Every structure is written in C-alpha cells, then in structure tokens.
Engineer: 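Encoded as structure tokens, here's the structure I'll be asking about.
Keep in mind the model is a prediction, meaning the values are calculated, not measured.
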Amino acid sequence: MRGIHGHSLVAGAVFLAGLAGAPALAAEPADATRLGSPQPVMVHLFEWRWDDIAAECEDYLGPTGIDAVQVSPPNEHIVPGGVEGAWWARYQPVSYEVTSRSGDREAFEAMVRRCDAAGVGIVVDAVINHMAAIGEGEGIAGTSYSEFRYGDLYSRDDFNHCDRYDDDHIRDYQSRYEVQYCHLLGLADLATGETHVRARIADYLQTLVDLGVAGFRIDAAKHMPAEDVAAIIDRLDGEPYIFQEVIDPGDEPITKWEYQGIAAVTEFNYPHEVATAIEEGAWDRLKHVGEGDAWLKSDSALVFVDNHDNQRGHVGGGVLMHRDAAYPLALAFKLAWPYGTPKLMSSFAFEDGDQGPPSDPDAGWATTPVHGDDGIGCLDPDDDPNEGWVCEHRWSEVTAMVGFRKAAGDAPVTHWQQDGATRIAFSRDDAGFLAINGGDDEWDARLQTGLPEGAYCNVLAADCDTPVHVGGDGVAEVAVRGMDAVALQVNRTAE
Ligand code: QV4
C-alpha cells in the first residue's frame, strides 16, 4: 500500500505554490500553433479506423484546412465483445501496445505518415489515469489482466488504494482526495504520484511522439493531481500540443485553474453556455462567450459544442448535437468566434448511449469502414438515423466556416449588432462578417461590417448567385432566412 492515507487538500495547495515557481513548463504545451497553423481547427473522428482516417486526411481534411484529428485511444483495451461492442471499451486500457479496435501499429504509423503528408496532425486520446475496470480478462491484443495486474506493465503497488467505502470507488466529487485517489467508475486508478508509474506512462506517450503524433488529449486529467500531470508531460521530448480533460462544473474543489498552467484545458462552460443561450432564445448572450473570470483564457481553452460524452448525456447532457436543428448555427458561431481552440465532433449515430460504432457483432465487433470497397460512407438524410457515420465535419456549413476562421486570422470582433435577442451579427474587423438569425422570420437589415466595399459571396450558400453588397461605408444589405446565417469573408468576392 502506498503512503497516501491522510492525503488531504493541503497537497493541492502545496502543489499550486510549486507550479507558480515553475514557469518553464507553463503555457508551451497549450500553444495550439504547434498543430501547424496560427488558428488551428481540430476534429474528433470518434471511433474511426486508422486507414479511414488516413484516407480522410487526404480526401477531405487536408483540402479543407482542418489541422488536426483527435483519434480514439490507440493502445490495447478490453475486448469490445465483452461489453456488447460498446464504444467505451477504448477507455479501459490493458497495455500500451499500439493495437486497438481502430487498427494495429502498422496501420497507426501509416495513418500518422499519410495525415502528416496531407498537413494534418494526429492528436491521441491518452488514457493514463487508470487501467481497465478491476477484474480479469484479456485485451484486444491478447494481454491478460487480473485484479491490479496488467500483463507485465503494472501490478498492485502501482495503483492507488484509497480505502474508502467497501470498493474504493469515487462517490463524492466534493472530496479532492476521493476524486484523485479512488477509482473512477471502478477503473483501476494508477498511482501517478510514483516516479516509476510516471516513467511508464511517459514512455508510452514518448513512443507516440516518436511515431510523429502532434498532440494529446489527457483523459480524466481531473482525476490526477495537477502536479502528476505536469511531471509526466515534463518528461516528454518533442513539442506536442496538449489539452487536458477537466470537467469543472464550478462547485467542486478541483478546478480547471489548477491545470491551465500545464497545458490547455477543456472549457466546459462552452458547450453549456452555447446550448442554453440558443435553447432559451437568448442568442445575444453569445456576445459574452469567453468573457470574464469564469472562463479560461483563450490560449488555454479547448472549446467544443458537444463531445463524445455529453452528446450522449454521459456528463449531464444539456448540449446541442448533430440531431438538433440549431447545431449548424452553433458550429458557425464557434468557428467565427475567436475564443479558444475549436474542436469539431464527428459522430457515429446511435440510439442507445452505450452503442458502439457501426460494426459487425459476428466478427468481434470489427468496426465497419467509411472508405473503400466495404465502406458505408457517411449518413444520408434517408438512412437509419440510429446507425452510421454522421461526418459532421463534411457538412458544407462546417467546411465553409473552417475557411472563414482561417481568413479571419487574428482579427478582433468588431461591430456587434443585434435585433432583439435572436438576431445577432458581428465582424471580424475587416476580414469577415457573420449574421445569425435564430428566429423564424426572415431578417432583412442594413448591418455595419468592417469589410471593404464590394460584392461578397455568402460562403454558407451553395453558390454565389446572389452576392451581398457592402457599401463604401461598410454597410451590408442582408437578408437572413429564419434559423439561418450569412457569412462573408474578405477573400470571397463575387467574380
Ligand atoms: C460500472 C458501474 C459503476 C461501478 C463499476 C464497477 O456503472 O458504478 O463502479 O461498474 O466495476 C464503463 C461503464 C460503467 C462501468 C465502467 C467500469 O459505462 O457503467 O461502471 O465502465 O466497468 C467512458 C464512459 C464510461 C465508461 C468508461 C470506461 O463514459 O461510461 O464506463 O469509459 O469504459 C467524469 C470524469 C471524466 C469522464 C466522465 C465520463 O471526470 O473524466 O466522468 N470522462 C472521460 C472520458 C470518458 C471515459 C472516461 C473519462 C474514463 O471522456 O469517455 O469514460 O476513461 O465526469
């Protein structure tokens, strides 16, 4: 048993003092330009296979200007058959061998190479807080595990044993100690305070850096003391972009602020504020997204309208997702609004929140490809809405707004205008302009832009047949249909 009994809030306080004295580490892994462009956009190709991602990088992501893909955990996990093909098998690591439901190491390496050649970086979802749920079984690459023993990698002493309740599971999120030293959902909690455990985790991450990955999502970072996360990252050679999954609902002792000096952090205010503002018809509240003390500073914030957990209500839900009519407008806002590093969700459709990706139960729940001869492509409106690859990242509104974000660069927001609470518009200074009509009736208005005089294409429209005229005073005559938007960008004028 490790000497963690009696560990208390004090450790957190000591650590914070320590971090303040370690500026060398601060901010660098949060520098999103490490993903290869000044305003990078990432997409989560949730549960996609490695060869599909490689093809997607070449066919769509590179040409669209999407900079990076978050991929599902690439290391060995429990067999999906044991859990009826559930997607969350990937979050139960059995070893650090690079073999998973998405493909083997060879396919992973080929993906990294092909995506890199297409200008797209791979961001690995790193599950390092824990191993598979306490119990026994075999991983997808054949590694056996039993209670607190995972192949030759870890044994009992490498785990925290928090001595709470009868099963050491986390129950009280108001207890810092429990959240960081007990077992999240019964998953065997690694003793990340131990030097040799840190070294093994860092070896795994370093292997991936050496294979050429561009970054990491640190899964369940809140469940590791920030000091431990910092110490693991500090061991890495290379320059990965890192963001940490910290769900801070605002009323727990562990906060996102503890992690923001280490690397970027998920900003969970974002999906909730965007969803509630839109659902309450208070689109004008979007003006304040990212503003004030409750929000991470922009460079530290990883932002999203939904993620793989909250789109299926795993973390309280309350977000917009691909099934919602307002979702494309929420994404247009996200890509036009210069706060945080945006991540797009590319989902598979589901009926049941545990349901895995399209797959064949008779073949060990092998994932059905998107591309190639056996590929099923992306969901059409006529398809079964409960199964298939949704591919939100291919929607025309999304690809257009990725281009808008690049064109807007670092131009600030200017000329905020609104008509009531549902009609909003703003400029990205002299580089772009977005008007969103969240009401039902058409919005015909003369709106101030920062754009130079000209006839602009609405980049959200299918064609440029009806350009929008901007006068010498920057005023545009716009007609925005109900639940629609108009986006203009400086380099997209009518011929
Ligand atoms: C079950 C019972 C538990 C019991 C346990 C006993 O429900 O009460 O303690 O058995 O063994 C799956 C099942 C879950 C099961 C657990 C262990 O859903 O019912 O527990 O396995 O067998 C994903 C899924 C989880 C899934 C987990 C592991 O969301 O449902 O659990 O993978 O397969 C907090 C955290 C945050 C976390 C979020 C889900 O602060 O960090 O919960 N989010 C990340 C990922 C998420 C992932 C994990 C963390 C775990 O985004 O996808 O959980 O790696 O908010």
Side-chain angles (χ1 to χ4, degrees), residues 38-39 41 270 273-274 277-278 280-292 295 298 303 305 326 328-340 342 396-495:
Q39 277 82 33
V41 177
Y270 203 95
E273 177 55 12
V274 168
I278 292 176
E280 290 168 16
W283 294 72
D284 56 326
R285 285 219 314 258
L286 297 176
K287 183 181 182 182
H288 305 295
V289 162
E291 182 184 294
W295 297 77
S298 183
V303 303
V305 173
L329 296 179
L331 295 182
F333 169 78
K334 177 173 81 170
L335 290 165
W337 194 248
Y339 170 75
S396 58
E397 302 93 323
V398 174
T399 55
M401 291 308 293
V402 171
F404 179 103
R405 190 171 190 87
K406 303 287 166 158
D410 60 1
V413 171
T414 52
H415 306 299
W416 177 277
Q417 291 146 94
Q418 65 192 71
D419 178 359
T422 55
R423 297 163 164 186
I424 59 170
F426 59 90
S427 281
R428 292 293 305 279
D429 204 25
D430 58 1
F433 170 81
L434 176 70
I436 301 181
N437 179 3
D440 295 329
D441 301 330
E442 180 162 304
W443 181 25
D444 296 311
R446 287 171 52 79
L447 296 170
Q448 183 68 51
T449 78
L451 291 166
E453 183 172 9
Y456 292 88
C457 304
N458 170 13
V459 300
L460 292 170
D463 52 47
C464 197
D465 291 350
T466 44
V468 175
H469 291 275
V470 173
D473 54 0
V475 172
E477 307 264 359
V478 289
V480 195
R481 285 176 306 200
M483 286 305 278
D484 206 351
V486 167
L488 314 179
Q489 72 189 50
V490 69
N491 53 0
R492 293 287 303 280
T493 47
E495 295 295 303

Engineer: Using a 3.5 Å distance criterion without hydrogens, assess whether the side chain of Asp429 forms a donor-acceptor pair with backbone atoms of Ala431.
Structural biologist: no
Engineer: Would you say the side chain of Lys334 lies within less than 4.5 Å of the side chain of Val41, judging by non-hydrogen atoms?
Structural biologist: no
Engineer: Are Arg492 and Phe404 side-chain neighbours, meaning at least one heavy-atom pair lies under 4.5 Å?
Structural biologist: no
Engineer: How close do Ala487 and Asn458 get, counting heavy atoms only, and between which atoms?
Structural biologist: N-OD1, 3.0 Å
Engineer: Start with the C-alpha distance between Asp419 and Gln417, add both sets of side-chain angles, then the distance that settles side-chain hydrogen bond (donor to acceptor under 3.5 Å, both in side chains), and finish with yes or no.
Structural biologist: CA-CA 7 Å; Asp419 178 359; Gln417 291 146 94; over 6 Å; no
Engineer: Measuring from Arg285:CZ to Glu280:CD, what's the distance to the nearest 0.5 Å?
Structural biologist: 5.0 Å
Engineer: To the closest 0.5 Å, what do you measure between CG (Asp463) and SG (Cys457)?
Structural biologist: 9.0 Å
Engineer: Could you go through the side-chain contact (heavy atoms from CB on, under 4.5 Å) check for Val289 and Phe333 one step at a time?
Structural biologist: CA-CA 10 Å; Val289 162; Phe333 169 78; 4.2 Å; yes
Engineer: Taking the side chain as every heavy atom from C-beta outward, state whether Trp416 and Ile424 have any pair of such atoms under 4.5 Å apart.
Structural biologist: yes
Engineer: Compare all side-chain heavy atoms of Thr449 with those of His415 and state whether any distance is below 4.5 angstrom.
Structural biologist: no
Engineer: How long is the straight-line distance from CD1 of Ile436 back to OG1 of Thr422, given to the nearest 0.5 Å?
Structural biologist: 11.0 Å
Engineer: Would you name the heavy atoms of Pro452 and Asp430 that are closest together and state the gap between them?
Structural biologist: CD-O, 3.9 Å
Engineer: Check whether the ring centres of Tyr339 and Trp295 lie less than 6.0 Å apart, and answer yes or no.
Structural biologist: yes
Engineer: Quick one: NZ on Lys287 to CH2 on Trp337, what's the gap to the nearest 0.5 Å?
Structural biologist: 8.0 Å
Engineer: Would you name the heavy atoms of Thr414 and Arg428 that are closest together and state the gap between them?
Structural biologist: OG1-C, 4.4 Å
Engineer: What are the two closest heavy atoms between Pro338 and Arg405, and how far apart are they?
Structural biologist: CA-NH2, 4.1 Å
Engineer: Is the shortest side-chain heavy-atom distance between Val274 and Leu286 below 4.5 Å?
Structural biologist: yes
Engineer: Say you draw a straight line from CG of Leu451 to CZ of Phe433; how long is it, rounded to the nearest 0.5 Å?
Structural biologist: 8.0 Å
Engineer: With a 4.5 Å heavy-atom cut-off, do Asp410 and Pro38 have their side chains touching?
Structural biologist: no
Engineer: Minimum heavy-atom separation for Ser427 and Gly450, please, with both atom names.
Structural biologist: OG-N, 3.1 Å
Engineer: Step through the shown structure and confirm whether more than 12 heavy atoms of other residues, nucleotides or ligands are within 6.0 Å of CG on Asp440.
Structural biologist: no
Engineer: Could you check whether any side-chain heavy atom of Val475 comes within less than 4.5 Å of a side-chain heavy atom of Gln448, counting everything from C-beta outward?
Structural biologist: yes
Engineer: Heavy atoms only: give me the nearest Asn437-Asp441 pair and the separation to one decimal.
Structural biologist: ND2-O, 2.7 Å
Engineer: Ignoring hydrogens and geometry, is there a side-chain-to-backbone donor-acceptor pair from Glu442 to Ala479 under 3.5 Å?
Structural biologist: no
Engineer: Decide yes or no for Val402 and Leu335: does some side-chain heavy atom of the first lie under 4.5 Å from some side-chain heavy atom of the second?
Structural biologist: yes
